[in-house]
Amino acid sequence: MSFVSVDVLLKEAQRGRYAVGAFNCNNMEIVQAIVRAAEEEKSPVIMQASQGAIKYAGIGFIVAMAREAAANATVPVALHLDHGTSFAQVMQCLRNGFSGVMIDGSKLPLEENIALTRQVIAAASPMGVSVEAELGKIGGTEDDITVSEQEAMYTDPGEAKHFVEQTGVGSLAIAIGTAHGQYKGEPKLDFDRLKKIAGLVNIPIVLHGSSGVPSEAIQEAIGLGVHKVNIDTNIREAFVAAARKILDADAREIDPRKVLGPAREAAVAIIREKIRIFGSSGKA
Ligand code: G3H
Ligand code: 13P
Ligand code: ZN
């Protein structure tokens, strides 16, 4: 059993003008929740593993859990590396059957980001695996920076065109005002910038830091060329809140299944809600 290619899912989404949700997984319950939500919505889905997830669970466990969930799924399921840090890590994911990889060279100078991305594409494309890169810096909500400092990190449209031409990358993560983690206020997205970038590159655009972004803003971004939407924080919030509710109600509860089962249900509910917002329900 192999995972469905991220590239294929995103090309279909681009044709159909919707986005595929890319949901971060760290444990068995969240892996199951992602696939169950996608099945209930009859939607394609991308499961992704971050650096933190690989460190926490180990790549072997992530792949084994994802494979088991995908093998029995009635919808297309992809497994993607989120914010890959090095060529070596990408190679490890390719060996383990990932069907999409991200190489995040966004902290590097432009030409070094291009060189690293090209190196990764040269290794991944003969295996039929497409590559997501990042241009501009998507920070964290905890980063204490001013609006103008944040805007300085936004993706430059001209650079995006140059980057895509020089690399031939499959999809591109851009910085237009979103951030990872919980927002303090309401994020404001730079739609003009997105429109300019989408007009210059003909590949699916990826929106990171999408938890907590109002659904209308997500849908506007999808209409302008975003076809992969990353969600982690909203799943964490729902999962932990449900577990906390059980423990708060009965401090003597010691059965992990009674704590993690409802947490898994809460994760299914929030993932289903996101899938509907992204417009991929019924597209499997
Ligand atoms: O890219 C950001 C994700 O929310 C991953 O975070 O490395 O703590 O799993 P993490
Ligand atoms: P959130 O923290 O907004 O869920 O973003 C997740 C993400 O972008 C993973 O790459
Ligand atoms: Zn991200």
Side-chain angles (χ1 to χ4, degrees), residues 6 10 19-31 33-34 37 45-59 61-62 65-66 78-86 89-90 93 98 100-107 113 131-143 150 153-155 169-189 194 204-215 217-218 221-222 226-241 266-267 269-271 273-275 277-278:
V6 170
L10 297 189
V20 182
F23 301 100
N24 285 75
C25 60
N26 294 281
N27 61 11
M28 181 192 77
E29 285 77 9
I30 294 176
V31 166
I34 294 167
V45 77
I46 299 168
M47 273 189 279
Q48 55 185 13
S50 67
Q51 300 308 301
I54 292 171
K55 202 165 159 205
Y56 174 75
I59 196 163
F61 273 96
I62 296 274
M65 291 187 293
L79 180 63
H80 185 72
L81 169 66
D82 191 29
H83 295 283
T85 48
S86 67
Q89 182 180 53
V90 168
C93 290
F98 278 56
V101 289
M102 176 181 187
I103 183 72
D104 182 355
S106 63
K107 291 189 183 72
N113 189 358
V131 176
E132 173 184 338
E134 179 171 323
L135 190 64
K137 294 188 187 70
I138 302 156
T141 49
E142 69 286 357
D143 300 346
Q150 193 186 1
M153 305 192 309
Y154 284 4
T155 309
V169 75
S171 61
L172 186 67
I174 59 168
I176 53 163
T178 59
H180 294 111
Q182 287 179 314
Y183 290 97
K184 292 183 192 101
E186 191 178 295
K188 293 267 173 292
L189 272 55
L194 170 57
I205 292 171
V206 183
L207 196 64
H208 284 243
S210 307
S211 295
V213 178
S215 45
I218 294 280
I222 293 170
V226 165
H227 298 293
K228 175 174 178 277
V229 180
N230 287 11
I231 298 283
D232 186 356
T233 300
N234 282 157
I235 303 175
R236 296 178 183 200
E237 288 166 343
F239 191 88
V240 173
I270 186 71
I271 296 166
E273 194 182 313
K274 297 293 171 185
I275 286 173
I277 292 168
F278 303 161

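As the structure lists them, so they are numbered: ligands from 1, and atoms in each ligand from 1. This is a predicted model, so every value here is computed, not measured.
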Legend entry - ligand 2-proximal atoms of Ala22, by part, heavy-atom distance under 4.0 Å: neither
Inset, instruction - Could you check which of Gln48, His208, Met102, Arg236 puts a non-hydrogen atom nearest to atom 6 (O) of ligand 1? - result: Arg236
Legend entry - Shortest protein heavy-atom distance from atom 2 (C) of ligand 1, along with the residue and atom involved: His180 CD2, 3.6 Å
Inset, instruction - Provide, to 0.1 Å, the distance between atom 7 (O) of ligand 1 and the closest protein heavy atom, together with that atom's residue and name. - result: Gly52 N, 3.1 Å
Legend entry - Distance in Å, Ile222 CD1 paired with Leu194 CG, rounded so as to fall on 0.5 Å steps: 11.0 Å
Inset, instruction - Measure the CZ-NE2 distance between Phe278 and His227 for me, rounded to the nearest 0.5 Å. - result: 13.5 Å
Legend entry - From Ile138, Ile231, Asn230, Asp232 - option closest to atom 3 (C) of ligand 1 by heavy atom: Asp232
Legend entry - contact_flag Lys55 ligand 1 heavy-atom lt 4.0 Å: no
Legend entry - Tyr56 atom OH, over 12 foreign heavy atoms within 6.0 Å: no
Legend entry - Approximate separation, where rounding is to 0.5 Å, of Asn26 CG and Asp232 CG: 6.0 Å
Inset, instruction - Give the atoms of ligand 2, by number and element, whose distance to some non-hydrogen atom of His83 is under 4.0 Å. - result: 10 (O)
Inset, instruction - Begin from the C-alpha positions of Met102 and Lys228 and carry the test side-chain contact (heavy atoms from CB on, under 4.5 Å) through to its verdict. - result: CA-CA 12 Å; Met102 176 181 187; Lys228 175 174 178 277; 5.9 Å; no
Inset, instruction - With heavy atoms under 4.0 Å as the rule, classify the contact between His83 and ligand 1 as side chain, backbone, both or neither. - result: side chain
Inset, instruction - Specify the protein heavy atom at minimum distance from atom 8 (O) of ligand 2: its residue, its atom name, and the distance to 0.1 Å. - result: Gly209 N, 2.9 Å
Inset, instruction - Could you list the atoms of ligand 2 found under 4.0 angstrom from a heavy atom of His208? - result: 8 (O), 10 (O)
Inset, instruction - Report the nearest protein non-hydrogen atom to atom 2 (O) of ligand 2: residue, atom name, distance rounded to 0.1 Å. - result: Thr233 OG1, 2.6 Å
Legend entry - Gap separating the CD1 atom of Ile176 from the CE atom of Met153, nearest 0.5 angstrom: 13.5 Å
Legend entry - Qualifying residue, where the test is side-chain contact (heavy atoms from CB on, under 4.5 Å) with Gln51 and the options are Asp104, Asp82, Thr85: Thr85
Inset, instruction - Would you indicate which of Asn234, Thr178, Asp232 comes nearest to atom 6 (C) of ligand 2 when only heavy atoms are counted? - result: Asp232
Legend entry - Spatial distance of atom CG (Leu207) from atom CD1 (Ile231) [nearest 0.5 Å]: 8.5 Å
Legend entry - Protein contact to atom 9 (C) of ligand 2 [nearest heavy atom, distance to 0.1 Å]: Asp82 OD2, 3.1 Å
Legend entry - Test applied, side chain to side chain donor-acceptor pair (under 3.5 Å); reference residue, Asn234; option that passes from Gln182, Lys274, Glu273: Lys274
Legend entry - Rounded distance [0.5 Å steps], CD in Gln48 versus CZ in Phe23: 9.5 Å
Legend entry - Sub-4.0 Å atoms of ligand 2 with respect to non-hydrogen atoms of Gly181: 2 (O)
Legend entry - For Asn24, atoms of ligand 2 separated by under 4.0 Å from a heavy atom: 9 (C)
Inset, instruction - Under the side-chain contact (heavy atoms from CB on, under 4.5 Å) rule, what do Tyr183 and Val213 come out as? Steps first, then yes or no, please. - result: CA-CA 9 Å; Tyr183 290 97; Val213 178; 3.9 Å; yes
Legend entry - Atom indices of ligand 2, in the order listed, that fall short of 4.0 Å to a heavy atom of Ile231: 4 (O)
Legend entry - Check: His208/Glu134 side-chain N/O donor and acceptor closer than 3.5 Å: no
Inset, instruction - Compute the angle centred on the Zn ion (ligand 3) spanning ND1 of His208 and NE2 of His180, and express it rounded to 10 degrees. - result: 120°
Inset, instruction - Enumerate the atoms of ligand 1 whose separation from the nearest heavy atom of Asp82 is less than 4.0 angstrom. - result: 1 (O)
Inset, instruction - Ignoring angles and geometry beyond distance, decide whether Ser50 reaches within less than 3.5 Å of ligand 1 through its nitrogen or oxygen atoms. - result: yes
Legend entry - For atom 7 (C) of ligand 2, the protein heavy atom that lies nearest, with its residue and separation: His180 CD2, 3.3 Å
